[in-house]
Amino acid sequence: MEPLFFPHNPSFWFETLRSFGHIAYGGADFGEVVVTTQRITAGDYDSWHDEWLATADRVAGEGRAALAGGHRVSARDAFLRASNYYRSAEFFLHGDATDPRILHAYDASVRCFRQAAALFTPVIEPVEIPYEDTVLPGYLYRADDSGAARPTVVMFNGFDGTAEEMHFGGAAAAVERGYNVLSFDGPGQPGTRHHHGLVFRPDWENAVGPVLDYALTRPEVDPARVALLGNSMGGLLAPRAAAFEHRLAAVIALDGVYDLGDMATGLLSLDRAEAERRLRADRDPELDAAVEAAMAASPKIRWLVDQGMYVMGADTPRGLFAAFLDYHLRDGIAQKITCPTLVCSAPDDVFFEGQPELLHEHLTCPKTLLEFTAALGADAHCQAGAQRLAFARVYDWLDDVMTESA
C-alpha cells in the first residue's frame with residue numbers, strides 16, 4: 001500500500017496506518033486521524049506527540065461530557081478513541097526513558113480505556129495476574145453473562161503495543177464470535193515497563209505460564225479450549241511459549257517470526273557467525289559507528305534502537321542488536337510445538353519479511369500459513385488497515401480448530 005501520508009518516513013506512515021486500522025473496532029475515526037496527521041511535522045517526534053496528545057485530550061473531554069450527560073455509548077466510544085490516541089502520542093518518546101510525557105500519556109491511555117471498559121456489556125474486567133514478585137496487568141472479556149465455560153483466547157501485543165490496544169487488535173473481534181479473552185502485558189511491554197521497569201525476556205513461556213495458571217482459575221475459561229495469540233513480536237513469543245507450555249489448544253502468530261537475530265544481522269549487513277562474534281564482543285568501535293550511521297540514515301532503525309534499548313534493557317545500540325540474537329525458535333525449539341499453529345504473513349513487512357515462511361517451514365505440528373496480499377489491502381505488518389478481513393480469516397481458522405478439539 002502506497003503511503004497516504006509521510007511518504008518519506010515509513011515509521012510515521014506505519015503508525016498512521018495503524019490508527020486507520022483501529023477504526024474497524026472503534027479505536028479511531030477517519031477524520032480525526034487525518035486532521036491530526038496533517039498537523040504533524042514529518043520526522044519530528046515532539047510534533048507527533050503534541051498533535052496526538054491534543055486530539056486525545058479533546059476526545060477524552062468529549063467522553064467525560066457525554067458520560068456526565070448520561071450518554072453511555074457516546075462516552076464509551078470517545079474513551080476508546082482517546083485511549084488509542086494517547087497511546088500513539090507517547091509512541092516515539094522512548095529514546096529518553098526519563099521523559100515525563102511518556103507516563104502522562106500512557107496513564108491517560110489506560111485511564112480512558114478502563115472508563116470505556118466499564119461501559120461495555122458485559123463489562124471488560126481489569127485484572128492483575130500474579131507474576132514473580134509483581135503482577136501483570138490485563139483484561140478479561142466475557143462473551144456473555146452466563147458464566148458458562150467458553151473457549152478463550154489469551155493474547156498479548158509485541159515490541160511496542162499495549163494490552164489496551166489489543167482490544168482493536170484481536171479482542172473485540174474474538175468476543176463478537178463468542179470467545180472469552182484474557183489480554184495482558186508481559187515483561188517489557190508497556191504496563192510492566194513503564195511502572196515496574198521490567199524488560200523483555202526470551203523465555204516467554206515463563207510469562208505465559210503464570211497467565212495460564214490464572215486463566216484456569218476462572219470459571220468462564222474452558223481449560224480444554226485455550227488458544228494463545230501473539231501480535232507483532234508476539235508472533236515469535238507466542239510460539240516460543242507454546243514450545244514449552246502444553247496446555248494450549250492452538251497458537252496464532254500474527255505475524256509469524258522465527259528469528260529476531262535474522263532481522264538484526266540483516267539490518268547491519270552481517271552474516272550470522274560474524275554477528276554473534278562482533279555484537280557480543282566487549283568492544284567494537286567500528287561496528288558501534290556503523291550502527292550510529294544506520295540510525296542517522298534510517299528513521300526505521302532510529303526508532304527501532306530507541307524503542308529496543310528501552311524495552312530490552314540494553315545499554316548501547318550494539319547491545320540491543322546482541323540481545324535480539326537470543327530471540328529465536330532455532331535449535332529445535334519450533335519443533336517442540338505440538339498444538340495446531342496458524343502463522344500469518346504480510347508481504348510488505350518492513351522488519352520481518354520472510355520470517356513467517358521460515359517459522360512455518362520449521363514447524364512439525366499441524367500448521368497453516370495464512371498469506372495476506374497487497375491486492376486485499378492487507379500487505380502491511382500485522383495486516384494494519386485490514387483488521388476486519390484479517391480477523392475473519394484468523395478466527396474462522398480458530399473456530400475450525402476449536403470445533404475439532406471439542
Side-chain angles (χ1 to χ4, degrees), residues 25 113 117 120-131 135-158 161-186 189 191 204-205 207-231 234-235 237-242 244-254 337-342 344 365-366 368 390-406:
Y25 291 97
F113 185 80
F120 277 85
T121 304
V123 299
I124 301 168
E125 178 188 349
V127 298
E128 291 186 335
I129 300 166
Y131 170 77
V135 294
L136 305 179
Y139 299 94
L140 180 68
Y141 296 69
R142 301 172 185 82
D144 59 31
D145 283 324
S146 69
R150 288 183 172 272
T152 300
V153 186
V154 175
M155 62 177 64
F156 56 92
N157 220 318
T162 65
E164 292 75 25
E165 187 190 15
M166 289 306 291
H167 181 87
F168 321 112
V175 172
E176 285 181 338
R177 291 164 170 82
Y179 292 94
N180 294 330
V181 169
L182 178 62
S183 62
F184 72 96
D185 273 342
Q189 296 177 320
W204 200 249
E205 64 275 12
V208 167
V211 176
L212 293 179
D213 291 343
Y214 173 82
L216 297 178
T217 69
R218 303 293 304 228
E220 306 94 333
V221 175
D222 180 347
R225 293 187 291 170
V226 176
L228 184 66
L229 183 152
N231 185 62
L237 298 174
R240 163 72 200 212
F244 300 96
E245 174 54 74
H246 296 294
R247 291 178 286 180
L248 298 168
V251 171
I252 298 163
L254 185 74
I337 301 170
T338 58
C339 63
T341 301
L342 178 66
C344 300
C365 59
T368 302
F391 289 121
R393 296 190 175 187
V394 165
Y395 288 125
D396 286 357
W397 175 87
L398 186 60
D399 286 346
D400 293 341
V401 169
M402 290 299 193
T403 298
E404 292 170 5
S405 65

- Item | Atom of Ala148, atom of Asn180 and distance for their closest heavy-atom approach | O-ND2, 4.4 Å
- Message: Checking Tyr131 now: which residues fulfil ring-ring contact (aromatic ring centres under 6.0 Å, His included) with it, not counting sequence neighbours?
- Response: none
- Query: Should the ring pair Phe156 and Trp204 be called parallel, tilted or perpendicular, given that the plane angle runs from 0 to 90° and is split at 30 and 60?
  - Reply: tilted
- Check whether any side-chain heavy atom of Pro126 sits under 4.5 Å from a side-chain heavy atom of Phe113, and report yes or no. no
- Keeping the roles fixed (side chain from Gln189, backbone from Ala163), state whether a donor-acceptor pair exists under 3.5 Å. no
- Message: Run the side chain to side chain contact (heavy atoms under 4.5 Å, CB included) test on Met166 and Phe184 for me, step by step, so that the C-alpha distance in whole Å, both residues' side-chain angles and the decisive distance to 0.1 Å come before the verdict.
- Response: CA-CA 9 Å; Met166 289 306 291; Phe184 72 96; over 6 Å; no
- Item | Minimal non-hydrogen separation, Ala238 against Leu228, with atom names | O-CD2, 3.7 Å
- Atom pair OG (Ser183) and CD (Glu164), whose distance is rounded to the nearest 0.5 Å: 7.5 Å
- Message: Between Val226 and Val154, is there a side-chain heavy-atom distance shorter than 4.5 Å?
- Response: yes
- Message: For the backbone of Gly138 and the side chain of Glu128, can you confirm whether one donor and one acceptor N or O come within less than 3.5 Å of each other?
- Response: no
- Would a 4.5 Å heavy-atom cut-off, applied to side chains only, mark Leu229 and Val181 as touching? no
- Query: Going by heavy atoms in the side chains, are Glu220 and Thr152 under 4.5 Å from each other?
  - Reply: no
- Message: A side-chain contact here means heavy atoms from C-beta on lying under 4.5 Å apart; do Leu254 and Phe391 qualify?
- Response: yes
- Item | Arg218 side-chain N/O to Tyr214 backbone N/O, donor-acceptor pair under 3.5 Å | no
- Applying side-chain hydrogen bond (donor to acceptor under 3.5 Å, both in side chains) to Arg240 and not counting sequence neighbours gives Glu205
- Hey, could you give me the CD1/CG distance between Ile129 and Asp185, rounded to the nearest 0.5 Å? 9.5 Å
- Note on the structure: When rounded to the nearest 0.5 Å, the distance separating CD1 of Ile252 from OH of Tyr395 is 6.0 Å
- Message: On a heavy-atom basis, which atom in Val127 and which in Leu182 lie closest, and how many Å separate them?
- Response: CG2-CD1, 3.9 Å
- Item | Distance in Å, Leu216 CG paired with Leu212 CG, rounded so as to fall on 0.5 Å steps | 6.0 Å
- Task: List the steps and the verdict of side chain to side chain contact (heavy atoms under 4.5 Å, CB included) for Asn231 and Met155.
- Result: CA-CA 8 Å; Asn231 185 62; Met155 62 177 64; over 6 Å; no
- Task: Indicate yes or no for a side-chain donor-acceptor contact from Asp222 to the backbone of Ala149 under 3.5 Å, with no hydrogens or angles considered.
- Result: no
- Message: Are the side chains of Arg150 and Asp144 in contact, using a 4.5 Å heavy-atom criterion?
- Response: yes
- Query: Any idea which heavy atoms bring Asp145 and Pro122 closest together, and the distance?
  - Reply: OD1-CB, 3.2 Å
- Nearest heavy atoms of Glu165 and Thr162, plus distance in Å: N-OG1, 2.9 Å
- Item | Minimum-distance pair of heavy atoms, taken over all atoms of Pro130 and Pro210 | O-CB, 3.5 Å
- Please confirm whether the backbone N or O of Arg247 pairs with a side-chain atom of Glu245, one donor and one acceptor, at under 3.5 Å? yes
- Message: Please check: side-chain N/O of Tyr179 versus main-chain N/O of Tyr141, any donor-acceptor pairing under 3.5 Å?
- Response: no
- Considering only heavy atoms from C-beta outward, does the side chain of Pro137 approach that of Val135 to under 4.5 Å? no
